[in-house]
Each structure stands twice: as structure tokens, then as C-alpha cells.
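Residue numbers begin at 1 in each chain, while the letters A, B, ... track the order of the sequences. Please read these numbers as outputs of a predicted model, since none were measured by experiment.
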Protein chains: 2
Amino acid sequence: MQVRRRIYDGVCRSGLRRRARITEGSRLPTIRDVAQHAGVAPSTVSYVFNGSRPISDETRRRVQEAVDALGYHPRASARTLRSSRTHVIALALPRPAGQRNAVDGPFAIEVSDAAVRLGYDLLLTTSQDKAEGLRRVALSGLADAAVLMAVDMEDARIDVVRELAFPAALIGRPADEDALPWTDLDWEEAAALVVSELAAAGHREMVYLAPTEAEVVARRSYALRGIAGATRGARSTGAAVTVAHAVDDPAGLARRLRVLLTERADGGAGGRPTALIVQHPSAHHHILTSVTDAGLRIPEDLTVVVIGALPGDPAGRRLPRVELPVETLAGEVTRLAVAAATALHETAAGDVEAGPRLLADAVGHLLIAPALLPGDMPLTAPRA
Amino acid sequence: MQVRRRIYDGVCRSGLRRRARITEGSRLPTIRDVAQHAGVAPSTVSYVFNGSRPISDETRRRVQEAVDALGYHPRASARTLRSSRTHVIALALPRPAGQRNAVDGPFAIEVSDAAVRLGYDLLLTTSQDKAEGLRRVALSGLADAAVLMAVDMEDARIDVVRELAFPAALIGRPADEDALPWTDLDWEEAAALVVSELAAAGHREMVYLAPTEAEVVARRSYALRGIAGATRGARSTGAAVTVAHAVDDPAGLARRLRVLLTERADGGAGGRPTALIVQHPSAHHHILTSVTDAGLRIPEDLTVVVIGALPGDPAGRRLPRVELPVETLAGEVTRLAVAAATALHETAAGDVEAGPRLLADAVGHLLIAPALLPGDMPLTAPRA
DNA sequence: ACATCGCGTCGAATCGATTCGACGAAGTGG
DNA sequence: CCACTTCGTCGAATCGATTCGACGCGATGT
């Protein structure tokens with residue numbers, strides 16, 4: 001405190017300030033204040049901070065001391081303006097109001113944590129218009145890279161970031177797998193795995209509860225791939241798998257399940273379904289209640305398996321499930337985004353075409369193989 | 001598409017750029033490019049954008065045309081550096097890893113939406129060290145204001161923002177209600193209301209399932225206030241209310257509930273509890289399953305009421321509940337934060353002491369009165 | 001002994017907006 | 001008709017960092 005006062009009174013610069021702008025009062029210290037306090041040039045202080053040139057121990061110590069004494073913290077905007085690095089990652093979470101998804105929050109928090117670990121902050125953009133919000137963030141230079149959630153098979157944002165040569169990585173596997181780096185659970189394999197395990201356990205009739213129809217119509221990647229996997233599993237095992245779309249309203253879901261699970265009487269392999277596979281994230285929590293509401297007992301009447309369950313957030317009783325490795329996916333996608341940003345920045349100077357080319361080359365993927373975890377309930381078919 | 005292509009090939013800009021700095025390649029247009037294209041001074045373009053001085057219609061038109069032609073978008077960092085406004089709000093969500101809370105995600109998304117509506121972006125900061133992350137954001141000038149979640153009764157962040165004269169608003173009601181603007185559901189009144197309604201419906205023995213012990217130890221505002229309300233309700237109605245802490249593990253929760261709800265045999269008013277009040281956000285989803293696991297039927301054995309339920313995200317069957325008005329709270333807290341930022345900025349120049357004083361004066365609150373919504377289940381006590 | 005090199009530091013230019021004083025032109029009142 | 005305000009615009013300073021060329025100096029090689 002005393003130190004600060006001394007500085008603001010003593011040297012030429014502050015006197016200059018005082019006279020120039022007496023009305024503004026105390027001001028946060030700048031790099032020049034630090035330099036002056038340490039008796040070095042501002043550039044030297046900068047080098048101490050970002051280590052881009054060698055600094056003697058003595059100078060480093062004096063600068064550090066000045067920083068501590070003044071409580072100096074660099075202004076992000078000034079840093080960014082000059083260096084064109086923001087140290088911010090944008091998380092594009094284009095969820096129309098009312099279409100909440102149980103995984104959004106956990107993903108956002110995990111991405112934020114991962115970003116912090118890499119020295120980045122997270123800008124959360126929840127634009128209705130998926131592409132436009134992202135374009136704005138990129139053009140105004142608010143972030144160095146973007147992490148895209150809720151990825152569609154053909155996602156408009158992919159074109160946007162490629163056109164702008166903006167570093168981005170996806171949580172979700174788009175149709176064009178080489179367009180951008182991405183990470184995802186192998187939903188198709190997960191669904192196929194669950195179907196075949198259930199078939200092996202004796203189930204012949206199953207219901208696959210996919211995400212809502214809206215998600216499918218939007219061609220959301222995980223929804224289509226899950227359904228594809230279920231279909232493939234049915235083909236390869238010979239089991240009958242009815243694909244149904246979830247509804248967000250639990251009462252409606254219970255009604256739909258009743259129809260699907262009890263009143264079903266088509267000319268298939270005969271009996272009613274003995275297994276229910278739930279891929280809809282928002283249904284995980286209350287699926288047991290909905291099933292109960294539909295008049296079915298678990299496991300006596302029905303085996304229930306969940307795909308995409310959040311680790312550590314089990315749906316009441318622990319059902320057999322394929323978990324969504326949120327932390328791994330979030331960590332990796334953040335790493336990919338940061339890597340793309342770093343690479344772009346390092347080679348951007350001096351080569352016009354380097355940026356886009358680089359971004360196109362640097363695509364890495366992480367496709368996580370599904371594992372079927374046991375729950376308290378057996379997989380075995382009731383009648384098997 | 002065609003338009004865009006034309007722009008990138010045709011106009012003076014690309015030619016000019018090419019010549020000026022051939023090694024750097026194409027560069028995003030700046031305000032000077034726009035000014036040149038429109039035949040005006042850069043400052044005039046700036047005035048067109050932020051309307052701080054009168055501009056003739058003709059000039060406005062020409063500038064707008066140039067902006068469209070060049071696809072100009074102002075750089076946020078330059079704007080911030082000069083004006084010291086970021087148009088960013090920080091959302092401080094200090095959730096230690098593994099302590100996920102079901103309301104965090106929805107709140108974050110609603111605050112983001114509200115911020116966008118007010119012309120702000122949202123920076124999500126999930127620092128472990130509550131105060132330090134916020135201090136860093138404030139000092140580095142990453143945001144104009146902060147919205148604080150997970151508020152404790154005596155929250156360290158309150159001191160930080162006041163010390164730094166940093167605009168902030170809370171989602172949660174701290175002990176010192178006049179320190180900062182805040183919005184909250186009246187948890188105390190909610191709990192008292194539910195207890196008294198249940199008592200009126202004939203219940204004499206109830207269990208109040210409060211948030212986890214960790215939340216209570218941290219003196220989280222909503223947890224303490226909920227418990228206080230339950231206690232008050234018990235006193236005023238004469239009903240026996242046992243306060244219990246939730247555990248995040250559903251199996252453990254079921255076990256605890258079994259003890260609380262069935263094996264309880266103290267010398268109270270006699271019988272076992274007939275009502276369960278659930279305030280723990282993460283238990284809402286699977287409370288029915290946990291109760292069933294504990295061997296109890298609803299509503300035959302037990303009446304369950306939920307406090308702080310997310311609207312539109314019912315816990316399976318629709319229980320009687322007090323909803324948490326996420327959208328209203330998020331919208332209002334964002335408005336408060338922005339108002340504080342605006343006020344501070346407008347009066348900061350010219351008066352040294354104005355900032356802190358202003359922030360202290362401008363505290364507004366929004367305390368939302370609870371409403372007990374009916375569910376499919378009756379409130380009536382089984383034996384009443 | 002002299003050219004060379006690397007280390008550590010400085011000074012100045014720069015990033016791209018905002019903002020303020022000034023100024024010509026047009027309008028207004030006495 | 002002149003003084004005075006208002007309108008619309010310009011030019012230049014400024015925000016606070018980074019970054020690059022240059023430079024002094026001691027060590028090294030021949």
C-alpha cells in the first residue's frame with residue numbers, strides 16, 4: 001500500500017498522469033508502472049511474462065517484485081490486440097430454449113475445466129442460429145478456437161469455421177469425418193453392442209428408445225448413429241428391434257412405452273419386447289419411473305439398458321449401461337481445439353494459404369469404444 | 001454464396017491489401033478499410049456504429065454499404081482496449097469437480113441467453129478457488145460484470161468484487177443482503193410453506209431432505225435458508241420435521257431414506273413419517289426410485305414434495321412442488337449485473353470515489369415468493 | 001589483437017478501435 | 001448583417017500490451 005502510494009507520487013510518469021488527468025483518480029497499474037518500479041523497459045517486463053527472450057535472474061527477480069508490489073495484472077484486451085491471441089475458447093452450445101439436454105451442463109463445465117488447465121478461459125455461446133453466433137465470435141476475435149456441441153451430420157458450422165479458417169473441434173462425429181477434429185463416443189458401436197449382448201442373453205424382441213424426433217430430423221449425429229447401430233445389431237443377431245423416438249414429457253413417454261412394450265402385437269417373432277434400450281439423454285433420469293408408470297416391473301417384465309449415461313450420475317438404481325465419458329471427451333476436444341489454435345497462430349505469419357491448409361491437415365479424432373457396464377439388474381431375458 | 005465470393009475477389013480491398021503487405025495475405029477488414037471504402041474518416045464510422053454523435057443519413061448509408069461490402073466486423077479487443085468495456089459478463093460457477101449440481105447447466109444457459117439479449121457474451125469461469133478466479137477475471141478486464149452462482153451466506157467473492165469495485169450480482173441471497181444485488185427464490189418461505197401445507201393436510205411427521213452435508217458446511221445460502229424454513233414451519237405448525245442431508249449416491253440415499261422413513265422409532269409424536277420434502281437438486285430426478293428402493297409406495301405410504309424443481313423437467317411423475325424459476329432469476333440477475341456495469345462505466349470518469357459508492361447504492365433485489373404447485377399425487381396424509 | 005557471436009536489454013512501432021477538440025457549414029435570433 | 005449555436009465530420013491522441021530491430025558487452029575463436 002505504501003509502496004503503491006510512493007510510486008504514484010514519485011516519478012515523472014505519474015506526475016504527468018496527475019496533471020494530464022487529475023479527475024480520474026487511482027488507476028490499475030500498467031506494464032509501464034511495473035517497468036518503472038523495477039527500473040527496466042516495458043518490453044523487458046513483457047519478456048519476463050511470456051518468456052520469449054532470455055532474461056537474467058536479477059532482472060526477473062526485480063520485475064517479479066515490482067509485479068507483486070503493485071498488484072499488476074496484464075489487461076487482456078491490450079494483450080489480445082497486439083498479439084491476436086485471446087486465450088479464450090468459445091463453446092458453441094446451440095440449444096433452442098426449452099430443448100434442454102441433460103449432458104449440456106456437465107460438458108460445458110468439463111470443457112471449462114479442461115480449458116483452464118490449458119490456460120484458457122471459456123466463452124459460452126448459446127446462439128439460436130447455430131452458425132451466425134459462431135461467425136460473430138470468430139470475426140470479432142473473441143476467441144482463439146471453438147468447441148462445437150450438438151453436432152449434426154452435416155453441420156452448417158463446419159462450413160463457417162472452414163471458410164473463416166477458424167480453429168474448431170467437435171464433440172460429435174459429423175458425416176465428413178476429415179473436415180475437422182472431433183471426439184465422440186462410438187454411438188453406433190454402442191448400440192450394436194448392447195443389442196447383441198441382449199440377444200446373447202436371450203432377448204428376441206427389443207425396443208430402442210432413440211432421442212426425440214426433433215433431434216433425428218435435425219440429423220443430430222449421435223441420434224442417427226445410435227439408430228444405425230441398433231439396426232445393424234438387429235440384422236446381425238436376428239433379434240427384432242423396434243426403434244422409437246423419445247418424448248421429453250414423462251407422462252407422454254410412459255404412454256408411449258406402454259404401447260411399445262405391452263400392447264405391441266405385430267406379426268414379428270411373437271411375444272412382447274423383453275428389453276428396452278434407452279439412448280435419450282433426458283430420459284435416463286426418469287426412465288425407471290416411466291417404465292413403472294407403464295405398468296411394467298424391472299427386471300421381472302423388462303430388462304432396461306441405458307446408452308450414454310453420465311458417469312457418477314446413475315439413473316436411480318444402477319442399470320446396465322454404456323457410459324458417456326464426458327471428462328475424457330471434453331478434455332480431448334479442448335486439447336484438439338487449442339492445438340489447432342496454436343498451430344494456426346504459429347504458422348499464420350508469412351504464408352497466406354498456410355492457415356486453411358494447416359487446419360485441414362491437423363484433424364485428429366478420438367472415437368471412444370463403448371463398454372457395457374453391469375448394473376444391479378441382470379441382462380438376462382425374463383423367460384430365458 | 002455468390003455474393004460472398006464476389007466480395008472476396010472483386011473490390012479494391014483485396015488488391016490494396018495484397019500490395020500493402022504481401023507476406024501477410026488477406027486480412028480481416030478494419031475500420032480504416034471501411035472508412036476508405038465509404039470515403040469518410042474512421043471516427044465517422046465509429047460514430048455510425050455506436051451512435052454517440054449525430055450522423056447524416058447519407059453518410060450512414062454509405063458506411064453501412066461499405067460494411068456490408070467488406071464484411072466488416074469490429075475487433076472486440078481493440079474496442080475494449082480503448083473504451084474499457086468488454087460487453088462480456090462472467091458467470092462464476094465455482095463447482096469443484098465431482099460436485100455437479102443439476103441446476104448449474106440450466107442456469108448457465110439461461111444467463112447466457114439473457115446476456116445475449118442485452119448485447120453481452122458470457123464467460124464461464126469454473127474456478128476451484130472461488131475468489132481467485134473471479135479476481136483474475138476482474139483484474140485482467142475480461143468482463144464488465146459478474147454473475148455469481150453457488151452463493152454462500154458469507155461469500156468470499158463478495159469481498160473481492162467490492163474491493164475491486166467490480167460490478168456483480170448474485171444468484172442466491174447472502175447473509176448481508178445489502179452488499180450486492182441478488183435474486184433468489186425465497187427458500188426459507190418455500191420450506192415453511194410446504195411444511196405448513198403438509199401439516200394442514202394432516203401430516204404430523206415429516207422428513208426434510210436438505211442438500212448434502214458439504215453444501216451445509218460450506219454455508220451455502222439456499223441450503224441454510226431451506227433448513228431454517230423447515231424448522232420454522234415445524235415450530236409454527238407443531239409438526240415433527242426431521243432434517244436430513246442428502247447424499248449424492250442414490251444407493252446410499254435409498255438406504256438413508258429407509259432408515260429415516262421406516263425404521264424411525266424415536267419418542268416423537270409416535271408414528272413414522274408420512275411426508276418427505278426434497279430440497280436437494282440432484283435428488284429430484286431419482287427420488288421416486290430411491291423411495292421405491294427403500295420399500296415405500298407413493299402415495300400410499302408417503303407423500304413426496306419437491307422444492308426447487310426445474311420447470312419443465314419433472315421428476316418422473318409430477319409431484320407437488322415449488323419450482324425454481326430459473327429463467328426469471330437468470331434474466332433478472334443478468335439485468336442487475338449489466339445495470340451495475342453500465343452505471344459504473346457512466347460515472348467512473350470524473351469522480352474517484354464514485355465507483356464504489358455507486359455500486360454500494362445500486363443494489364436491487366428480487367426475492368421470488370414460493371408457490372406450491374399441485375402434482376398428480378395428493379398432499380393428503382395416508383391415515384388422515 | 002580483431003572479427004564474431006550470443007546474451008540481455010532498450011526504444012519504438014504497432015495492433016484497431018474510441019473519443020475529444022476543432023472546424024466549416026448551415027441555421028437562428030436580435 | 002453579425003454573433004452564436006447546432007450539426008456533421010475530421011484528425012490526432014490514446015488505451016496497454018507485444019514484438020522486432022538494434023545495440024552494448026563480455027566471451028570465444030583464430
Side-chain angles (χ1 to χ4, degrees), chain A residues 13-14 16-17 20-21 23-24 27-36 38-63 66-67 70 72-87 139-142 345-346 348-350, chain B residues 17 20-21 23-24 27-36 38-63 67 70 72-87 139-142 345-346 348-350:
Chain A
R13 178 151 173 290
S14 45
L16 184 126
R17 292 287 149 202
R21 34 182 65 226
T23 57
E24 282 228 1
R27 194 180 38 91
L28 290 173
T30 73
I31 200 173
R32 303 185 50 157
D33 299 318
V34 175
Q36 195 162 334
V40 299
S43 49
T44 302
V45 177
S46 177
Y47 294 136
V48 169
F49 263 75
N50 54 42
S52 49
R53 286 205 183 172
I55 293 287
S56 71
D57 288 348
E58 167 61 9
T59 302
R60 187 182 307 277
R61 193 189 54 72
R62 296 236 309 284
V63 167
V67 165
L70 300 179
Y72 168 74
H73 200 101
R75 233 68 88 245
S77 56
R79 197 197 273 269
T80 297
L81 176 59
R82 182 58 232 240
S83 67
S84 63
R85 307 206 71 192
T86 61
H87 287 277
L139 285 177
S140 62
L142 278 166
H345 189 261
E346 279 174 0
Chain B
R17 291 296 142 201
R21 34 181 62 221
T23 55
E24 283 228 2
R27 190 179 46 91
L28 289 173
T30 74
I31 200 172
R32 303 184 52 152
D33 299 318
V34 175
Q36 194 164 333
V40 298
S43 50
T44 303
V45 177
S46 177
Y47 294 136
V48 169
F49 262 76
N50 56 40
S52 49
R53 285 205 185 172
I55 292 287
S56 71
D57 290 347
E58 167 62 10
T59 301
R60 187 183 306 277
R61 195 189 54 72
R62 295 238 310 284
V63 168
V67 166
L70 301 179
Y72 168 74
H73 201 101
R75 230 70 85 245
S77 56
R79 198 198 272 269
T80 297
L81 175 59
R82 183 58 232 242
S83 68
S84 63
R85 308 206 68 193
T86 61
H87 287 278
L139 285 176
S140 62
L142 279 166
H345 189 260
E346 279 174 1

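- The side chain of A:S46 places an N or O atom within less than 4.0 Å of a non-bridging phosphate oxygen (OP1 or OP2) of D:dT18.
- Atom CZ of B:R62 is separated from atom CG of B:D57 by 12.5 Å, given to the nearest 0.5 angstrom.
- In the helix from C:dA1-D:dT30 to C:dG30-D:dC1, the end axes, each obtained as the rotation axis mapping the C1' atoms of four pairs onto the next four within a five-pair block, lie 30° apart to the nearest 10 degrees.
- A:T59 contributes no side-chain N or O that forms a donor-acceptor pair with the base of C:dG8 under 3.5 Å.
- Note: CZ (B:F49) to C1' (C:dT19) measures 17 Å, nearest angstrom.
- B:N50 contributes atom CG, which lies 10.5 Å from atom CZ of B:R53 (distance to the nearest 0.5 angstrom).
- Taking each heavy atom of B:P42 and B:R32 in turn, the nearest pair found is CG-CG, 4.3 Å.
- For the pair A:I31/A:F49, no side-chain contact is recorded, criterion being any heavy-atom separation below 4.5 Å from C-beta on.
- Taking all atoms of both residues into account, the shortest heavy-atom contact from B:A41 to B:A35 is C-CB, 3.7 Å.
- At whole-Å resolution of the value, CG in A:L81 and C1' in C:dT14 are 8 Å apart.
- If you measure from atom CD1 of A:I31 to atom P of C:dC10, you get 12 Å, rounded to the nearest angstrom.
- When the C1' atom of C:dG16 is taken as reference, atom CG of B:N50 falls 14 Å away, rounded to whole Å.
- Among the heavy atoms of the strands lying under 4.0 Å from A:S83 are primed sugar atoms or P, OP1, OP2 only; no base atom is included.
- The nearest whole Å value for the distance from the NE2 atom in A:H345 to the P atom in D:dT18 is 12 Å.
- Distance, A:R85 CZ to C:dT14 C1': 18 Å, rounded to whole Å.
- OP1 or OP2 of C:dT9 has at least one side-chain nitrogen or oxygen of A:S56 nearer than 4.0 Å.
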Output one line per pair: protein atom, nucleotide atom from nucleotides 25-27 of chain C, and distance, for all N/O pairs under 3.5 Å.
none

So A:Y72 and A:D33, side-chain contact (heavy atoms from CB on, under 4.5 Å) or not? Walk me through it. CA-CA 9 Å; A:Y72 168 74; A:D33 299 318; over 6 Å; no

Set out, line by line, the N/O atom pairs under 3.5 Å between protein and nucleotides 22-25 of chain D.
residue : atom : partner : partner atom : Å
D:dA22  : N6   : A:R53   : NH1          : 3.3

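- Between the side chains of B:S43 and B:S46, not a single donor N or O lies within less than 3.5 Å of an accepting N or O.
- In this structure, the OH atom of B:Y47 is 13 Å from the P atom of C:dA22, given to the nearest Å.
- For C:dT9, neither phosphate oxygen OP1 nor OP2 lies less than 4.0 angstrom from any side-chain nitrogen or oxygen of A:T44.
- The residue B:V40 sits close only to the backbone: its heavy atoms come under 4.0 Å of sugar-phosphate atoms, none of a base.
- Judged by distance alone, with hydrogens and angles left aside, A:R79 brings no side-chain donor or acceptor close enough to the base of D:dT18 to form a pair under 3.5 Å.
- Both B:P74 and A:P54 lie near DNA chain C, and the one whose nearest nucleotide falls closer to the 5' end is A:P54.
- Taking every heavy atom of both residues into account, A:L139 and B:H73 meet most closely at CB-CB, 3.8 Å.
- For B:Y72 and C:dA17, the shortest distance from a side-chain N or O to OP1 or OP2 is below 4.0 Å.
- Put simply, B:R75 has a side-chain N or O that comes within less than 4.0 Å of OP1 or OP2 on C:dA17.
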Take A:R85 and A:R79 through the test side-chain contact (heavy atoms from CB on, under 4.5 Å) and record every step on the way to the result. CA-CA 8 Å; A:R85 307 206 71 192; A:R79 197 197 273 269; over 6 Å; no

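- Rounded to the nearest 0.5 Å, atoms CG (B:L81) and CZ (B:R75) are 13.5 Å apart.
- Taking atom CZ of B:R32 as the reference point, atom P of C:dT14 lies 11 Å away to the nearest angstrom.
- Place B:G39 and A:R82 on DNA chain D by their nearest nucleotides, and B:G39 ends up nearer the 5' end.
- Minimum interatomic distance between A:G141 and A:T86 (heavy atoms only, all atoms of both residues): O-CG2, 3.2 Å.
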Run B:T59 and B:Y47 through side-chain contact (heavy atoms from CB on, under 4.5 Å) and show every step you take. CA-CA 11 Å; B:T59 301; B:Y47 294 136; over 6 Å; no

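- Using modelled atom types and a 3.5 Å distance limit, the side chains of A:S77 and A:T80 yield no donor-acceptor pair.
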